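In the text below, chain A, chain B and the rest are named by the order of the sequence lines, each starting its count at 1. Being a predicted model, the structure only gives us computed values, none of them experimental.
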Number of protein chains: 4
Amino acid sequence: MDKVQAIFKSTLRLIHQFGFHGTPMSQIAKHADVAIGTIYHYFESKDELIFALFKYCKKEVAEYIFKDDSIEKEFKERFFALWLNFVRFYIDNPEYLSFLDQFYSSPYLQQALTNETICGQDHVSAFLHEGVNAGAVKNLDTNILSVVFIGTAVSTVKRHLHSLHQFDKKSLNHIIEVIWDGIKK
Amino acid sequence: MDKVQAIFKSTLRLIHQFGFHGTPMSQIAKHADVAIGTIYHYFESKDELIFALFKYCKKEVAEYIFKDDSIEKEFKERFFALWLNFVRFYIDNPEYLSFLDQFYSSPYLQQALTNETICGQDHVSAFLHEGVNAGAVKNLDTNILSVVFIGTAVSTVKRHLHSLHQFDKKSLNHIIEVIWDGIKK
Amino acid sequence: MDKVQAIFKSTLRLIHQFGFHGTPMSQIAKHADVAIGTIYHYFESKDELIFALFKYCKKEVAEYIFKDDSIEKEFKERFFALWLNFVRFYIDNPEYLSFLDQFYSSPYLQQALTNETICGQDHVSAFLHEGVNAGAVKNLDTNILSVVFIGTAVSTVKRHLHSLHQFDKKSLNHIIEVIWDGIKK
Amino acid sequence: MDKVQAIFKSTLRLIHQFGFHGTPMSQIAKHADVAIGTIYHYFESKDELIFALFKYCKKEVAEYIFKDDSIEKEFKERFFALWLNFVRFYIDNPEYLSFLDQFYSSPYLQQALTNETICGQDHVSAFLHEGVNAGAVKNLDTNILSVVFIGTAVSTVKRHLHSLHQFDKKSLNHIIEVIWDGIKK
DNA sequence: CATGAATGAGGATTCATTCAT
DNA sequence: GATGAATGAATCCTCATTCAT
């Protein structure tokens, strides 16, 4: 639906810019160029909208990260590509990180944390598990590998976005190499 | 000041539990056992309170992390200890991570990001730089080393707190070893 | 708009009775039989409401004062009629004088004083100027004539409303005659 | 008392600048360079302070207006001098007019209006009555004469202060002459 | 006399939500 | 489907006043 898309984009942009408690429904409606009533036509409440947006974001992120992945390729190559895609997506779409971050660090998370996946981390976990099975990486708990993969990626993006440091391609490769050195068999 | 302390603690607890826009000043006052007016006696506005709390948290965190550190010790040992302290502090004081995380992922950050330090990361950066100079770790940009150190630590704590995985001492050591393997010379 | 009218009337009455800082929005809403939110739907803030009410009052006053005026009539007759209308309106609608007076004697005035007209005084000025041109009154600066016309009228109304003295028709005519004696050619 | 004077002056200045509901006790205290408690040492409440200030202002005004008056002089001369003093005082001390005006146009007035005099009008009334007895002015009700005297004077000052028109000595004389023409025998 | 930290009732304003059109 | 006027509970903040020092 066109209007739903507009509502999502509007919400994403406003939350990025003004935060959760800085983006009232009225503004979301205005920037999406729809009436307030229209939002309530598609979403039961503001919370429902937030949760729906959460799912939407997760899906978008996952699709991008794994867009060129293939079991055919060598694991190391896939590992590098995935990590870079992860970083690339959020650097290019900071409003996604902004929103997901605020979502994660808010009480919303507890409601979303059922068996639901978070931010494509499960896909990533599965991928890392493959690496263990294939004998490409050390036989470590997937949680540990996830922590290393996602933790460094998220940290890198934030450092970049907060303008603390602009990482170039070479720098990014240095980081992956460090991680890879740490987990490779 | 006793009342200021009480206000800080109250705010921290409530934001941890209910989030930024779930903790009204009235509740902060009630849980700190002071009148609303008293908060405004010490802080110009809710925002000012948040900023002051931010500084307070940063200081507390930094003090804890570096509490046993000493130049005398071997770098690897210090590295392990610091990383564990970092993780330990936030696991034991989840309301600090909760608050800082919400702070960082909100528009507040931009106002706090002058040349101000963030979350003791600079101290960490300085520490990592020492490692490079001492020839203990690879000659990498401090930003890269910081990303690896802090990214994994934060990610570990979150995974732990979100109940996705309870890391025991052994697991934590596995993680540090992976990182150390990646950055050691 | 019906609701806006109700809000205006309610505000006027309450300010007359309790003064500016004695009439909260909640009371205005209650007496206008609308929700507080409705007021904010039509006016950005309490100040905006006050300014809008100011314009509304000015218009009402001017309309009443000049309701029967006509260039056809003799100037003296018009002069007497206008002055009496002025006094009559405020005596019959003391809440208008109350509000306008409080408005004028507050810092609001400075914000309203651009090239905006005040209280229909300009129409009065124009009228008095006609008198000069027609050779009916002395060739005095319009400001002087205005001061005499409005000053005496306002003072009369206040003295009447403050119950210091109840002016009857005859008394009022005495006053106009004094003024007329002073300015006639 | 020095502190009381300071409190009066501070209140007068702030009310002139920010209006009644723009001048909190805290500001009055700060600008008077005393503690809040000190104000409550001298005045039971804010209302008491306002009433005391009202009396103070009235006294100051009356003293200035009649400072050079003398029964020896000719009535016309006295009339001119008084009217000019009245105008002069308020033009030179706009904060007095500001305060008194806000006082008169607020519900405070009703509480002050017992048999109390207002703004030296009674002295003025008495003076005008002398004029009637002396056969200098028409045999009109004192209320009428007062309206003409005070109404024109106040209106002149306001017009001057609101920067609508800067009256010079000659203009002011024109006004008094008009009034005098109207009331003289 | 003088202070100012502490209080909390009260006021302006916001904003998620409803519902008649 | 779509609208947006209307609602009022909830929030931030102010400020007159008190009282222990």
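Thr38(D) has a side-chain polar atom (N or O) that falls below the 4.0 Å cut-off from OP1 or OP2 of dT3(E). Between Tyr42(D) and the phosphate of dA2(E), there is a side-chain N or O to OP1/OP2 separation shorter than 4.0 Å.
Comparing dT7(E), dA12(E), dT3(F) against the side chain of Val34(B) picks out dT7(E) as the nearest. Distances from the side chain of Ala35(B) to the nucleotides dA5(F), dT7(E), dT17(F) place dT7(E) closest.
Under the rule for a side-chain contact (heavy atoms from CB on, under 4.5 Å), the partners of Ser106(B) that lie at least two apart in sequence or sit in another chain are Phe20(B), Tyr108(B). Residues passing the side-chain contact (heavy atoms from CB on, under 4.5 Å) test with Lys9(C) are Gln5(C), Tyr56(C), Tyr96(C), sequence neighbours excluded. Under the side chain to side chain donor-acceptor pair (under 3.5 Å) criterion, Ser105(A) pairs with Ser105(B), not counting sequence neighbours. With sequence neighbours excluded, the residues that form a side chain to side chain donor-acceptor pair (under 3.5 Å) with Ser98(B) are His16(B). Every salt bridge (charged side-chain N to carboxylate O under 4.0 Å, His left out) that Glu63(A) has, sequence neighbours left out, goes to Lys59(A).
Rounded to an integer number of Å, the gap from His41(C) NE2 to dT18(E) C1' is 14 Å. The separation between Ile36(B) atom CD1 and dT17(F) atom P is 20 Å, rounded to whole Å. Phe43(A) places its CZ atom 15 Å from the P atom of dA16(E), with the value rounded to the nearest Å. Taking atom CD on Glu48(A) and atom C1' on dA16(E), their separation rounds to 14 Å, with Å as the unit. If you measure from atom OH of Tyr40(A) to atom P of dA16(E), you get 6 Å, rounded to the nearest angstrom. Put simply, CG on Leu49(A) is 10 Å from P on dT17(E), counting in whole angstrom units. One can place CG of Asp2(B) at 14 Å from C1' of dA6(E), the figure rounded to the nearest angstrom. To the nearest angstrom, C1' of dC12(F) lies 14 Å from CD of Glu44(B).
Annotated stems with DNA chain E as a participant read E:2-21 with F:2-21, given as range with range, by first number; only runs of 3 or more Watson-Crick or G-U pairs under 3.5 Å qualify.
Nearest-nucleotide positions on DNA chain F for Asp33(C) and Asp47(B) put Asp33(C) closer to the 5' end.
Within a heavy-atom distance below 4.0 Å of DNA chain F, no residue of residues 10-30 of chain C is found.
Tested against Phe8(A), the residues Tyr42(A), Phe54(A), Phe43(A) include a single ring-ring contact (aromatic ring centres under 6.0 Å, His included) partner, Phe43(A).
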Using residues 29-37 of chain B as the side-chain source, report each donor-acceptor pair under 3.5 Å to any protein atom, sequence neighbours left out, with the distance given to one decimal.
residue, atom, partner, partner atom, Å
His31(B), ND1, Arg13(B), NH2, 3.3
His31(B), NE2, Gln27(B), OE1, 3.4

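Listed by first then second residue, pairs satisfying salt bridge (Lys or Arg N to Asp or Glu O under 4.0 Å) with a partner in residues 99-109 of chain C read Asp101(C)-Lys158(C), not counting sequence neighbours.
Remark: Glu44(D) CD is loosely packed, at most 12 non-hydrogen atoms of other residues, nucleotides or ligands lying under 6.0 Å away.
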